[in-house]
Amino acid sequence: MAKIQSVRGTYDLYGDAKRKMKKVTATGASVVEKYGFEEIETPIFEFTEVFARNLGDTSDIVTKEMYCFEDKGGESLTLRPEGTAGVVRAFVSEGMQQNLPVKFYYHGPMFRYERPQKGRQRQFTQFGVELLGVETPQADIEVIAMAYEFLQKLGLGNQVTVEINSLGDAESRDAYRQKLVAYLKQHFDELSEDSKNRLERNPLRILDSKEECDKAVIENAPRYADSLNEASRQFFADVLHGLDLLNIKYRVNDRLVRGLDYYSHTVFELTTDKLGAQGTVLAGGRYNGLVAQMGGGDVAGIGWACGVERLSMLLDEDVALPRPIAVIPVGEDTNDKALEVAYQLRLAGFSVEQSYSGNMKKRMAKANKVNACKAIIIGSDEAANNTVMLKDLDSGEQKIVAQTDLIKELN
Ligand code: ATP
Ligand code: MG
């Protein structure tokens, strides 16, 4: 039989890698909860339509990356490639428009059929936020501040750059699209095959291209900022003003467009130079048309998502486990006592390792291996007197303690 393996682009997560991911999500949750965001969990699969219609027919995700399948009832379903469409679907189908604003965060697995490489998997984890029902730039400032604080709390503050741009409102976007298409048509022959195909369907995406021939053309393309109407210009200025006020450093990147069709006004990415081509760790933007597109009325939205694996890879230090207390029975008839003591300590909130077998020496070696801070050694005499030997494994000091005083002593 062939060797059983995990599917290409998927990974088993355990040990330090898993601990780092847990730290990333726990840090994210603690930051965004302070801003009033509450956790939501939506299904891992949705009707294909939820993604196909709303991410835009021309986005890379929809055209190339989705895991779609037909279930036994003949429904076309898709494993979620990102979180926003599902959260907005839930917002609409649960009728949450009555009580705005709505603030959610989520984390969990996402699925995209991509070429696996460092920082790029077929199953990966995102942590993200969505803020629905606020049209003013305050929302943009707040969610960017949240992202910034999150990365600061992870200790990544000085490795990360905030890149920001404005796509303006629908009018500005249409105006820019026309100018861009006119310009690109003049340079049609110089474009990559992919970009030639995108020219009619999704010209903005060409600005994102990593192909050298495209980059040369893009270099002299019309500037987005020149197409923003007055209202959009003011909106963007207000967002930047807020970031200045909070001392959040950013770089306006006129070429930043994001791949999805639903963005308007503010788009932003937090990038690092540490992960090669996979340098974007967090990305987001405003999506004012998305709720309406799903039949939920005119409700503004803004959010971001980060790649939990990519962020974990940036954490240098191992995430330490709490140091346990080792409970070590020695001699005959001390196992019951050890079991009892270990259970009492755990009930009192201590982390306890029970050694299961072996002589005293072996068990002490195990206690050191799990980096225990203290050992509680129970011999026959101690068991008979309801005492234990408490040993500090760092200093080597040891003393006899009555079982009833043990918790007090450890505190
Ligand atoms: P990229 O340009 O790297 O393909 P993207 O624009 O497709 O990113 P988003 O859809 O904005 O990414 O997802 C937000 C974040 O999720 C990314 O910044 C990244 O950190 C993470 N991410 C996206 N795709 C993957 C993947 N295949 N494997 C691991 N992380 C990913
Ligand atoms: Mg991608």
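It should be emphasised that the depicted structure is a prediction, and the values quoted were computed from it without experimental measurement. All ligand and atom numbering here is 1-based and tracks the order in the structure.
Residue-ligand proximity, Ala283 to ligand 1, at heavy-atom distances under 4.0 Å covers atoms 11 (O). In summary, the atoms of ligand 1 found under 4.0 Å from a heavy atom of Val281, numbered by their order in the structure, are 18 (O), 20 (O). Within ligand 1, counting atoms from 1 as listed, the ones closer than 4.0 Å to a heavy atom of Gly307 are 15 (C), 16 (O), 20 (O), 21 (C).
Contact check on Asp394 versus Arg323 returns a salt bridge, with a Lys/Arg side-chain nitrogen under 4.0 Å from an Asp/Glu carboxylate oxygen. Lys399 and Glu409 are joined by a salt bridge, as a carboxylate oxygen and a charged side-chain nitrogen come within less than 4.0 angstrom of each other.
For ligand 1, the polar-atom distance check finds an N/O of Arg120 within less than 3.5 Å of one of the ligand's N/O atoms. The shortest N or O to N or O distance between Ile61 and ligand 1 is not under 3.5 Å.
Considering each of Lys210, Gln117, Gln123, the one bringing a non-hydrogen atom nearest atom 2 (O) of ligand 1 is Lys210. When the heavy-atom distances from atom 28 (N) of ligand 1 to Gln121, Arg122, Met110 are ranked, the shortest goes to Gln121. Looking at Thr280, Leu311, Val308 and measuring to atom 17 (C) of ligand 1, the nearest heavy atom belongs to Thr280. Among Glu65, Arg310, Met313, the residue whose heavy atom sits closest to atom 19 (C) of ligand 1 is Arg310.
Pairs of residues two or more places apart, or lying in two chains, that qualify as side-chain hydrogen bond (donor to acceptor under 3.5 Å, both in side chains) and include a residue from residues 91-104 are Arg89-Ser93.
Heavy-atom separations between Gln126 and ligand 1 include at least one value shorter than 4.0 Å. Arg112 counts as a contact of ligand 1, since one of its heavy atoms falls under 4.0 Å from the ligand.
Of all non-hydrogen atoms in Tyr106 and Ile40, the two that sit nearest each other are CB-O, 3.5 Å.
Under the 6.0 Å cut-off for aromatic ring centres, Tyr250 and Phe268 do not qualify, their centroids lying 6.0 Å or more apart. Within the 6.0 Å centre-distance limit, the rings of Tyr224 and Tyr176 are counted as a close aromatic pair.
With sequence neighbours excluded, the residues forming a side chain to side chain donor-acceptor pair (under 3.5 Å) with His187 are Glu190, listed by chain and number.
A donor-acceptor contact shorter than 3.5 Å links the side chain of Arg255 to the backbone of Ile218.
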